[in-house]
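Written out below as C-alpha cells is the structure these notes cover.
Note that these values count all heavy atoms, side chains included, but never hydrogens, waters or copies made by symmetry. Quantities reported herein were computed from a predicted structural model and do not represent experimental measurements.
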Amino acid sequence: MPSATTPPDAHPAAAPPPRTDVVAPTREDKVSAVGSELIGGQIGRRALVGAHWWTPVRVIALMTIGMFALGMVQKFPCYDGGWFFGASSQYTHACYSDIPHLYPGRGFADGLIPYFDRLPGEMEYLEYPVLTGAFMEVAAWLTPGGGSLQHQQQIYWYVNAGMLMVCAVIIAVCVTRTHRRRPWDGLLVALAPAFALTATINWDLFAVALLAAAVLMWSRGRPLAFGVLLGLATAAKFYPFLVLGPLFLLCLRAGAWRAFGKALFGAAGAWLVVNVPVMVLAPEGWAKFYAFSRERGVDFGSVWLMISQRLNVHISPDSANNYGIALMAIGCAAMIPLTLMAPRRPRFAQLAFLVVAVFILTNKVYSPQYVLWLIPLAVLARPRWRDLLIWQAGEVAYFLGIWMYLAYTTSGDAHRGLPPDGYHAAIVAHLLGTTYLCVVIVRDILRPDRDVVRRNGEDDPSGGVLDRAPDVFAWVSAARRERTAEPAPARVGWGRPDPPEDALRKPPEPIRPV
C-alpha cells in the first residue's frame, strides 16, 4: 500500500487501491485520546463505526450548531446594551459585531440598494465585495420593518446569525467529507474556540463556506465545479483566489494542465457573471471595495500597526501596501522551490493554508474574524489537536486583546482595558501561533513521513486529480527521496521513547457512508 515512503513518481496504475478504513482520532492522536475520557474513553476495537444513525457528518453538524449557539450566547451582553449604549461596553464584554452597526450605517434600514444608491456620510458606497453585499441585502429583506431602529438592528443580527449558522455547518460538513478516511477531523472545525467567538462579527463565513465547498469539489475530481465555487468565493471576499497559485504549482509538477484550465475557466467565469452587471450599471459603487482596500491605512492587528506604535513612525497606506505586496511576493516565490523540490508533491491543503497564512501575516489589517479563513484549511493541512490548540490559543488571546485594547482607548481617562503594550503582546501571540503552524506544515512537506495524513497510507486525499498522480516536472533527486522517506525517529517523552504508532493502532473498521 502507498505510504510516506512511496516515491512521488510512482505510476498510479501500479499503486494499490486506497485504504478504506476510517481513521479513529482517539487511536491516532494523544490529545484526542486524553480528551475522550470525558465521554467514556477511546473507541473500542470492536465498535461498529457508522453502523447507526449517528454518522460523523451528523455528529459534527450538530456539534457545529451547538458551538455556534454558544458563540451567539457570548454576544448577548451586547444584544440589549453594548451595541446601543456606551462606547466601551461592547468591548469590555468582548461581544462587538459589525452586523447591527452596519444595518443603519450602510443604508439597509432605509431601503437603499447597495452599490447603486449613494450613502450619507464619509462612506459613499458599501465597501464589501458584490456577493457579500447581496448576502447582506437578503438579510435586510428578511428583517421586518416595524418597531424601533434598535429592534430592527437586533432582528437583523439574528437573521444574519441564522444564515451564517448554515454557512458554518456547510464548512464543517465539507471538511468532514473532504478526507474520506478522516471524517472525524471535522470536529477540529466544530470545536475550534476562535470559530465560535468570531463567527458573527462579520460576514466572512459566507466566503469561507464557498471555499470549503470548492475544496471538496476539487477532492472529488471536479475541477470545473471547484472553479465556479472559487469564483463565487472570490466575489464574496478577496482572499480565496490566492489558492490558485499553489494549485498552479501542483498541477505543474503533476502535468495536470487540463484540470487547472477548467478550474481557472470556472473561477473567472463565475466571478465575471457576478461582478460585470454591477460593474457596468454602478461602476462607482462596484469599485468602492477595491478603492477602500487600497486606501485603507495601517489598522488593527497588523505587524505594521505594532511597528508604527512601537517606533512612533507613520506608515502611509501606500507604504504599507508596498511592504505587504513585497513580503507576499517573497512568500509566494518561496513556495516554488518548496513545491518542486519536496521529496513528495505537497498536499493541496498544505499549500493553500500557507499562501493564505502569508497573506494574513503580511497584510496591513488583521480583524479577529480573519481567523475563520484559516481554520478549515488548517484542519485539512495539519489535523493534529496539539498543534491546532497551540495556534487557537494565540488567536483567542488576540480576540480578547483587541477588544480590551479598544475598551482602553474608548474609556477616556478611566483607561479600563488593555494598554498598548498588552495589545502588542496579543498581536505577537497571533503572529507566533500562525507562524508556528506554518513551520510545522512546511516540516511535513519536507519530511512527508511526519505528515499525519500520509502516515496512514494516503497521498493527497484533498488533491482530486493530483492524488496518486505521477510527477512530470520536479527538482528532486532519487537520493533525496530515499533519504527523506526513512521513518521518523522515535520521539522521546518524559525520559523514554514513545512506542511506534503502528504498535498502538487497533485493527481498522470498514468505512461507512457519511
Task: Between Asp460 and Ser462: side-chain donor-acceptor atoms closer than 3.5 Å - done: yes
- [ ] Give a yes or no on whether the backbone of Ile315 and the side-chain of Ser319 come within a donor-acceptor separation of less than 3.5 Å.
- [x] no
Task: Test item: Asn275 side-chain N/O and Trp271 main-chain N/O as donor-acceptor pair under 3.5 Å - done: yes
- [ ] Answer yes if the side chains of Tyr115 and Tyr128 hold a donor-acceptor pair under 3.5 Å, and no otherwise.
- [x] no
Task: Spatial distance of atom CG (Leu197) from atom CD1 (Ile201) [nearest 0.5 Å] - done: 8.0 Å
Open item on the list: As a quick check of understanding, evaluate ring-ring contact (aromatic ring centres under 6.0 Å, His included) for Tyr370 and Trp373, giving each step before the final call.
Closed with: CA-CA 6 Å; Tyr370 288 3; Trp373 303 0; 4.3 Å; yes
Task: Ion pair Arg181/Glu458, N-O distance below 4.0 Å - done: yes
Open item on the list: Can you classify the ring geometry of Tyr405 versus Phe300 as parallel (below 30°), tilted (30 to 60°) or perpendicular (above 60°)?
Closed with: perpendicular
TODO: Give a yes or no on whether the backbone of Gln369 and the side-chain of Ser367 come within a donor-acceptor separation of less than 3.5 Å.
DONE: no
Task: Side-chain donor/acceptor of Ser302 to backbone N/O of Lys364, under 3.5 Å - done: yes
Open item on the list: Would you compute the distance between atom CG of Leu102 and atom CE of Met136 and round it to the nearest 0.5 angstrom?
Closed with: 5.5 Å
TODO: Mind listing the closest non-hydrogen atom pair of Leu247 and Ala263 along with its distance?
DONE: CD2-CB, 4.4 Å
Open item on the list: Please verify the inter-ring angle class for Tyr366 with Tyr398; under 30° counts as parallel, over 60° as perpendicular, anything in between as tilted.
Closed with: tilted
Task: Residues that Arg106 engages under salt bridge (charged side-chain N to carboxylate O under 4.0 Å, His left out), provided they are two or more places apart - done: Glu127
Task: Any donor-acceptor pair under 3.5 Å from Asn363 side chain to Phe359 backbone - done: no
Open item on the list: Under a 4.0 Å threshold between the charged nitrogen and the carboxylate oxygen, would Asp204 count as salt-bridged to Lys237?
Closed with: yes
Task: Other residues, nucleotides, ligands: >12 heavy atoms within 6.0 Å of Arg258 CZ - done: no
Task: Qualifying residue, where the test is side-chain hydrogen bond (donor to acceptor under 3.5 Å, both in side chains) with Asp444 and the options are Arg455, Arg382, Arg384, Arg454 - done: Arg382
Open item on the list: Tell me if a side-chain donor or acceptor on Arg345 pairs with a main-chain N or O of Ala469 at a distance below 3.5 Å.
Closed with: yes
Open item on the list: Let me confirm one number: the CE-CG distance from Met306 to Leu431, rounded to the nearest 0.5 Å.
Closed with: 6.0 Å
Open item on the list: Looking at Asp451 and Arg347, is any side-chain nitrogen of the basic one under 4.0 Å from a carboxylate oxygen of the acidic one?
Closed with: yes
Task: Non-neighbouring partners of Tyr96 that pass side chain to side chain contact (heavy atoms under 4.5 Å, CB included), sequence neighbours left out - done: Gln90, Tyr91, Asp98, His101, Trp403
- [ ] Please report the closest heavy-atom contact between Pro317 and Arg294, naming both atoms and the distance.
- [x] CB-O, 4.2 Å
Open item on the list: Tell me if a side-chain donor or acceptor on Lys262 pairs with a main-chain N or O of Phe226 at a distance below 3.5 Å.
Closed with: no
Open item on the list: Checking the side chain of Gln392 only, and the main-chain atoms of Ala194 only, is there a donor and an acceptor separated by less than 3.5 Å?
Closed with: yes
Task: Under 3.5 Å side-chain donor-acceptor pair for Tyr436 and Asp387 - done: yes
- [ ] Taking Trp218 for its side chain and Gly463 for its backbone only, find out whether a donor-acceptor pair lies under 3.5 Å.
- [x] yes
Open item on the list: Tell me whether Gln74 contacts the main-chain N or O of Ala94 through its side chain, where contact means a donor paired with an acceptor under 3.5 Å.
Closed with: yes
